[in-house]
Amino acid sequence: MTTVTLPDGKELQLESGATGADAAAAIGPGLAKAALAITANGEVLDLARELPDGAAISIITEKSDEALDLIRHDAAHVLATAVISLYPGTKVSIGPAIDNGFYYDFEFPEGVTISDGDLPAIEKRMKEHIKAAEVFERSDISVEEALERFRSLGEDYKVELIEDLITNEGATTVSLYRNGEFTDLCRGPHAPSTDRIKAVALQSVAGAYWRGDSNRKMLTRIYGTAFLSKKDLEEHLVLLEEAKARDHRKLGRELGLFKFSEVSPGSAFWLPKGTKLFNELVSLSREMGEPRGYTEVKTPLLYDSELWKTSGHWDKYRQNMFLTETEDRSMGVKPMNCPGHAHLFGSQQWSYKDLPVRYSEPGLLHRNEPSGTLHGLLRVRHFCQDDAHVFCSDDQVQEEVAACLEFAFATYKLFGLEAKLELSTRPEQRVGDDELWDRAEGALRTALDEGGWEYTVNEGDGAFYGPKIDLHITDSLNRSWQLGTVQLDYSMPERFNLTYTGADNADHRPVMIHRALMGSYERFVGILLEHSAGDLPFWLAPTQVQVLPVADRHAEHAEAVAAELRAAGLRVEADTRSESIGRRIREAELAKTPVMLVVGDREIETGDVSVRERGVGDEGSESVASLAARLAARASDRSA
RNA sequence: GCCGAAGUAGCUCAGCUGGUCAGAGCACCUGUCUUGUAAACAGGGGGUCAGGGGUUCGAAUCCCCUCUUCGGCUCCA
């Protein structure tokens with residue numbers, strides 16, 4: 001007899017050797033049909049697997065969270081099945097389920113290249129295999145047998161995977177899964193058969209290094225997605241369309257914010273409206289920084305290479321810097337502000353009473369990013385961080401870190417963004433001894449714990465000079481972005497020999513905290529545009545109010561209204577073109593202008609304006625004076 | 001940097017296998033209309049078909065190189 005426990009705590013008696021399918025059938029015929037797999041003691045198993053006696057089980061159906069991953073992994077196998085039959089001689093490697101879909105990496109035979117145009121045929125073949133309801137059949141064999149099998153097939157990647165399983169995990173057996181003609185080395189689990197994949201679509205072809213190593217062979221990756229119903233797939237495709245419509249590169253062009261040009265790859269040209277937006281964000285940093293004790297500085301763009309040697313960037317990151325030479329001196333354009341700030345701090349004497357010193361600088365940075373990595377505003381060569389460096393004593397670290405986090409949360413709140421925190425600890429390659437790292441990581445943990453902030457830990461992902469806290473936000477399309485970072489640095493003060501005089505009249509080494517909250521203004525604008533679909537909040541909109549005279553004879557009055565609102569500090573334009581009022585309203589709406597004012601004979605008579613709100617419509621009349629006061633208040637309240 | 005794809009007017013795109021293939025819509029300019037809450041009407045100007053080289057009687061179209069962009073991979077101090 002096998003006894004298992006159901007989620008409701010009831011026990012179920014089964015014949016010994018009973019499988020997941022047996023358990024599902026014992027519960028009910030409906031469930032037996034709906035079952036995709038089974039969890040036993042937290043581990044997901046195929047329905048055909050024998051259940052361990054005494055296990056706590058729960059049946060996975062289409063309603064379960066695990067279901068999507070399961071059938072996407074199934075779909076990856078079906079993709080491989082289709083590819084192998086269409087392109088004989090193709091070597092397979094790995095094909096996992098991922099967020100939103102799955103992929104499989106292949107090495108196609110010499111001379112065969114796959115492009116997007118080949119996907120429909122592959123997809124068609126996949127659907128044939130799905131319709132055929134091929135059973136996923138598991139077999140466990142010895143590693144020797146597996147090695148021989150895959151060697152004889154010339155499946156080099158599988159052989160390497162098995163060898164690694166032996167070396168790293170001491171594996172003596174491995175599992176294989178067969179569906180139709182295709183047998184794959186696979187840990188499982190899988191649904192009972194291929195027809196459980198209700199909707200599948202191939203999406204793109206890409207290159208991907210074998211095992212993510214840029215020194216190894218580049219394989220061909222095919223991305224696809226699968227769902228439990230056609231409707232879910234449709235909805236997903238609609239979401240992708242929506243994301244495409246919100247692409248910040250598209251919005252930047254349509255709203256006249258910025259452009260890119262071949263003459264300076266990876267660098268934005270900011271148009272007047274985009275510059276307004278950009279400058280508003282810089283102002284925000286300044287206004288929020290001032291009461292928090294930040295002082296703004298301006299440091300050079302170009303430095304003697306000696307400075308980069310001192311900072312350590314010369315050895316580690318020279319290939320990503322723009323270098324030049326003048327009068328036989330080697331110079332480098334700054335990829336970050338910290339060495340300049342460290343140098344500046346070191347250029348004068350400091351007392352412990354002066355600390356913390358908080359230097360901020362929206363400095364212009366250049367990084368020579370590899371051409372293939374550039375992406376709109378999100379990955380650029382020329383950008384500006386909302387950067388600051390705090391120089392403080394050891395015992396001020398915790399408080400300063402907490403203050404940085406408070407600053408970050410206050411900033412994000414204005415945009416309706418909520419952040420998740422991630423603590424990254426010491427990496428393999430690092431400077432400084434373990435005691436220092438213990439102290440640094442301890443300070444960050446304490447700051448997080450005492451602030452009552454929830455966080456996850458990312459072991460080994462810290463910077464080489466210190467641990468850090470990264471801040472991630474989730475946007476309106478549920479995509480995650482890293483924005484801010486707060487990093488502790490014990491290394492740079494050492495390299496620049498920074499000191500302050502303590503109460504004991506001895507020299508002490510300050511700690512340096514690097515922090516950027518929005519990240520870079522460029523990247524932040526990109527994320528903000530995609531998050532808001534271009535509907536920027538009133539305080540941030542490049543044009544806040546568009547005045548629209550009904551006919552030419554009202555133009556003068558419209559200009560007068562605009563002038564009155566400008567005097568109240570608002571960004572106002574008057575569209576006095578002889579186009580129809582309908583067209584000008586439409587264009588103002590498309591330009592995402594928050595407020596439109598229509599003025600004609602009636603308004604001249606009464607002195608009122610007719611107010612229209614973006615995306616809402618006509619809101620009736622209001623006197624110019626009352627409107628000016630109302631909108632000025634709205635503009636000054638960034639949280640509104 | 002690596003793999004794949006693309007680059008035709010300011011924008012979105014048509015132009016199949018080389019021979020009125022340099023086009024359309026929007027935008028722009030000019031004229032008419034003088035407008036009441038999401039697109040008035042008519043006419044007109046505009047492109048070294050990314051750049052360079054080649055094949056051909058003839059190239060936007062075929063081949064090679066370069067640049068840029070897009071989708072990924074690696075990277076992102």
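What you see is a predicted model; the values in this text were computed from it and never measured. Below, read A as the first sequence line, B as the second, and so on, with proteins coming before strands; counting in each chain starts at 1.
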Ring geometry between [Y] and [X] (parallel below 30°, tilted from 30 to 60°, perpendicular above 60°):
{"X": "A/His73", "Y": "A/His77", "result": "perpendicular"}
{"X": "A/Tyr359", "Y": "A/Phe391", "result": "perpendicular"}
{"X": "A/His514", "Y": "A/His389", "result": "perpendicular"}
{"X": "A/His236", "Y": "A/Phe227", "result": "tilted"}
{"X": "A/His248", "Y": "A/Phe258", "result": "tilted"}
{"X": "A/Phe278", "Y": "A/Tyr521", "result": "tilted"}

What is the distance, rounded to the nearest whole Å, between atom [atom1] of [X] and atom [atom2] of [N]?
{"X": "A/Ile585", "N": "B/rA39", "atom1": "CD1", "atom2": "P", "value": "9 Å"}
{"X": "A/His313", "N": "B/rA77", "atom1": "NE2", "atom2": "C1'", "value": "5 Å"}
{"X": "A/Glu613", "N": "B/rA38", "atom1": "CD", "atom2": "C1'", "value": "15 Å"}
{"X": "A/Gln487", "N": "B/rA77", "atom1": "CD", "atom2": "P", "value": "7 Å"}
{"X": "A/Lys217", "N": "B/rG1", "atom1": "NZ", "atom2": "P", "value": "20 Å"}
{"X": "A/Lys250", "N": "B/rU69", "atom1": "NZ", "atom2": "C1'", "value": "17 Å"}
{"X": "A/Glu254", "N": "B/rA38", "atom1": "CD", "atom2": "P", "value": "20 Å"}
{"X": "A/Asn215", "N": "B/rC3", "atom1": "CG", "atom2": "P", "value": "14 Å"}

So, [X] and [Y]: side-chain donor and acceptor under 3.5 Å apart, yes or no?
{"X": "A/Glu422", "Y": "A/Asn458", "result": "yes"}
{"X": "A/Asn100", "Y": "A/Thr225", "result": "no"}
{"X": "A/Thr593", "Y": "A/Gln546", "result": "no"}

Checking all strands, does [X] fall into the base, sugar-phosphate, or nothing category for heavy-atom contacts under 4.0 angstrom?
{"X": "A/Leu219", "value": "nothing"}
{"X": "A/Asp116", "value": "nothing"}
{"X": "A/Arg216", "value": "nothing"}
{"X": "A/Thr113", "value": "sugar-phosphate"}
{"X": "A/Gly266", "value": "sugar-phosphate"}

Rounded to whole angstrom, note down the [atom1] distance from [N] over to [M].
{"N": "B/rA5", "M": "B/rC63", "atom1": "P", "value": "12 Å"}
{"N": "B/rC16", "M": "B/rA50", "atom1": "P", "value": "14 Å"}
{"N": "B/rA42", "M": "B/rU48", "atom1": "P", "value": "29 Å"}

Q) Can you tell me if A/Gln544 uses its side chain to pair, donor with acceptor, with the backbone of A/Phe538 under 3.5 Å? A)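 Looks like yes, one N/O pair under 3.5 Å.
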(Q) I'd like to know if A/Arg318 reaches the base of B/rA77 with its side chain, counting only an N/O donor and acceptor under 3.5 Å. (A) no
Q | Selection residues 310-324 of chain A - residue pairs positive for salt bridge (Lys or Arg N to Asp or Glu O under 4.0 Å), sequence neighbours left out | A |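 Sorted result for residues 310-324 of chain A: empty, none.
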Q) Can A/Arg72 be said to sit on top of A/Phe102's aromatic six-ring, NZ or CZ under 6.0 Å from centre and within 45° of the ring axis? A) no
Q) Sequence neighbours excluded, which residues qualify as side-chain contact (heavy atoms from CB on, under 4.5 Å) partners of A/Ser261? A) A/Val263, A/Phe269
Write out a two-atom table: protein N or O, nucleotide N or O from nucleotides 48-52 of chain B, distance below 3.5 Å.
none

Q: With the side chain of A/Arg583 defined as its heavy atoms from C-beta on, choose the nearest nucleotide among B/rA5, B/rU68, B/rA40.
A: B/rA40
Are any protein N/O atoms closer than 3.5 Å to N/O atoms in nucleotides 9-17 of chain B? If there are, list each pair with its distance.
unit_1, atom_1, unit_2, atom_2, d
B/rU12, OP1, A/Arg253, NH2, 3.1

Q | Least distance between heavy atoms, A/Met126 atom then A/Val78 atom | A |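 Smallest heavy-atom distance, with atoms named: O-CG1, 3.6 Å.
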Q) For nucleotides 31-36 of chain B, read 5' to 3', which letter fits each nucleotide if B means a protein heavy atom sits under 4.0 Å from the base, S means only the sugar-phosphate is that close, and - means neither? A) --BBBB
Q) For RNA chain B, whose closest nucleotide is more 5', that of A/Thr220 or that of A/Arg612? A) A/Thr220
Give every pair of a protein N or O atom and an N or O atom of nucleotides 72-75 of chain B that lie under 3.5 Å apart, one pair per line with the distance.
unit_1, atom_1, unit_2, atom_2, d
B/rG72, O3', A/Tyr223, OH, 3.2
B/rG72, O2', A/Tyr223, OH, 3.4
B/rG72, O6, A/Gly372, O, 3.4
B/rC73, O4', A/Gly207, O, 3.0
B/rC73, O2', A/Tyr209, N, 3.0
B/rC73, N4, A/Gly372, O, 3.4
B/rU74, O2', A/Ser214, OG, 3.3
B/rC75, O2, A/Arg379, NH2, 2.5
B/rC75, N3, A/Arg379, NH1, 3.0

